[in-house]
Amino acid sequence: MNYNTLMQKKLPKRIYSLLKSIGEIGHQMSYNAFIVGGFVRDLILGRSNLDVDIVIEGDGINFASRFAEVKKGTVKCHERFGTAVITFPDGFKIDVATARTEIYVHPGALPSVQFGSINDDLKRRDFTINAMAISLNNDKCGELVDVFKGLSDLQEHIVRIIHDLSFRDDPTRIFRAIRFEQRYNFRMDKHTEELLNLAVKDNFLNTITKQRLRNEILLILNEDNASRPLNRMEQFDLIRYIHPKISLSNRMLNLIYKIGEMRSFPTLPFLKANEKLDYVLIKIMVLLNELSKADAHDVSERLALSKKYSEAIKSAIVKLPDALRTISKETVTPSKIYEVLKGLPLETLIFGIFKSDEITIYKIMLYLTVLRDTKPIITGKDLKELGYSEGPIYNEILSMVFYAQLDEKIGSKQEAIEFIKLKRKDQ
Ligand code: ATP
Ligand code: MG
């Protein structure tokens, strides 16, 4: 079968014509150009994937520079790896690599690289379904390069490693196998599963850096339905790589599923136009919910999580429970809700929604949609005009008036001024 027709039919026009141009310029430079990896897999599966990974038999950097010149893009090269990223004027990016072979100096290390053919390049990939390429050069456009029978595995829903030392060479493939298997509802073949089990038992994952471990775990959590790969991680005793004290429950998996579903809502009414939720972060909060502050801190350390993540996780574990307890009281005032929720990151608040009963959810919503956007009726300038001399008293008065405003005790500037005068008299 020739895949040119399928590409023409399935791909957005601009991607298809981009691939055609790559083939043309490859031809002019006497290089063979291929589209490879996840793009090919998803094209055949009929799934959208706009990650264009190009492999060049020849000098990939030279090709990328020429292509960027013709298409008025910019190019960023990594000489050491023979790779380049081209950014087009509209912001769209593609990856270009030089076909290469890799040698692993020791398990878990980043490979050292040498030039090679497309077959060599496919050989260093993780699974057969990810190791297919399609030729782009004019004369051979659409020809599938499938040395490892990836097409047949794709049709039979199988995730299969390419050689027996695969998990040792790169233990991140342990997580990748689970991720692809669960995303597409495939199965690992028996041999792959056995080797994966052995790799886990031999603790190959201890050889990878914190950063690589973090990336893989975040990629798993970024899956639409992350509860599936998490469940599978549990079967392979891999949850301990997040933290040994996490005990995965159905309730947690259910929540993680729901958070994934939330991402597909077109709009969330309590978010502002410029606000974007980090769903992965909320899913982490679910996973770490039952850990102590110290254990949660430990997770941030061992996965080298960003400051934003560590802080948000801390707020979810340390501050959120108290805040929810306070606002769930029947007598809580809007100003109190404001006071306890105001320092919490958005993701912590959304996590709070998932943990709360209906009335408490309503209060969090009140904060998100009304309280946090309320503008104070009076400012320091007004106080000055009223004759107060500047000092710490300003903050005191302003927050007192603001809280009265949140509680709807005052509704206008006039009322605010009366309120201040009354309070001053009381003191
Ligand atoms: P996704 O849809 O999750 O992006 P993908 O298959 O495109 O999946 P990437 O991580 O974007 O995965 O990598 C692109 C390609 O690079 C893969 O299809 C695979 O051929 C190769 N690859 C990526 N990571 C590895 C790895 N750890 N070992 C071997 N090959 C890999
Ligand atoms: Mg990809």
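In each ligand, atom 1 is the first atom listed, and ligand 1 is the first ligand listed. Since the model is a prediction, treat every value here as computed from it, not as a measurement. Residues: numbered from 1 along the sequence shown.
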Find all atoms of ligand 1 within a distance of less than 4.0 Å from any non-hydrogen atom belonging to [X], and give their numbers and elements.
X      : answer
Gly37  : 18 (O)
Gly38  : 6 (O), 7 (O), 18 (O)
Arg183 : 1 (P), 2 (O), 3 (O)
Asp53  : 14 (C)

Heteroatom distance test ([X], ligand 1): nitrogen or oxygen, under 3.5 angstrom:
X      : result
Arg179 : yes
Asp126 : yes
Phe180 : no

Could you tell me the separation between the OG1 atom of Thr192 and the CZ atom of Arg173, rounded to the nearest 0.5 Å? 12.0 Å
Taking atom 27 (N) of ligand 1 as the point of reference, which of Asn49, Asp170, Asn130 owns the nearest heavy atom? Asp170
Of Arg124, Met132, Arg176, the residue with the heavy atom nearest atom 24 (N) of ligand 1 is Arg176
All N/O donor-acceptor pairs, side-chain side in residues 341-352, below 3.5 Å, sequence neighbours left out:
from, atom 1, to, atom 2, distance (Å)
Glu347, OE2, Asp278, N, 2.9
Thr348, OG1, Ser315, OG, 2.8

Using the salt bridge (charged side-chain N to carboxylate O under 4.0 Å, His left out) rule, collect all pairs that involve residues 280-296, keeping only residues at least two apart or in two chains. Lys245-Asp295
For Met233, the option from Leu248, Val200, Ile174, Ile242 that meets side-chain contact (heavy atoms from CB on, under 4.5 Å): Ile242
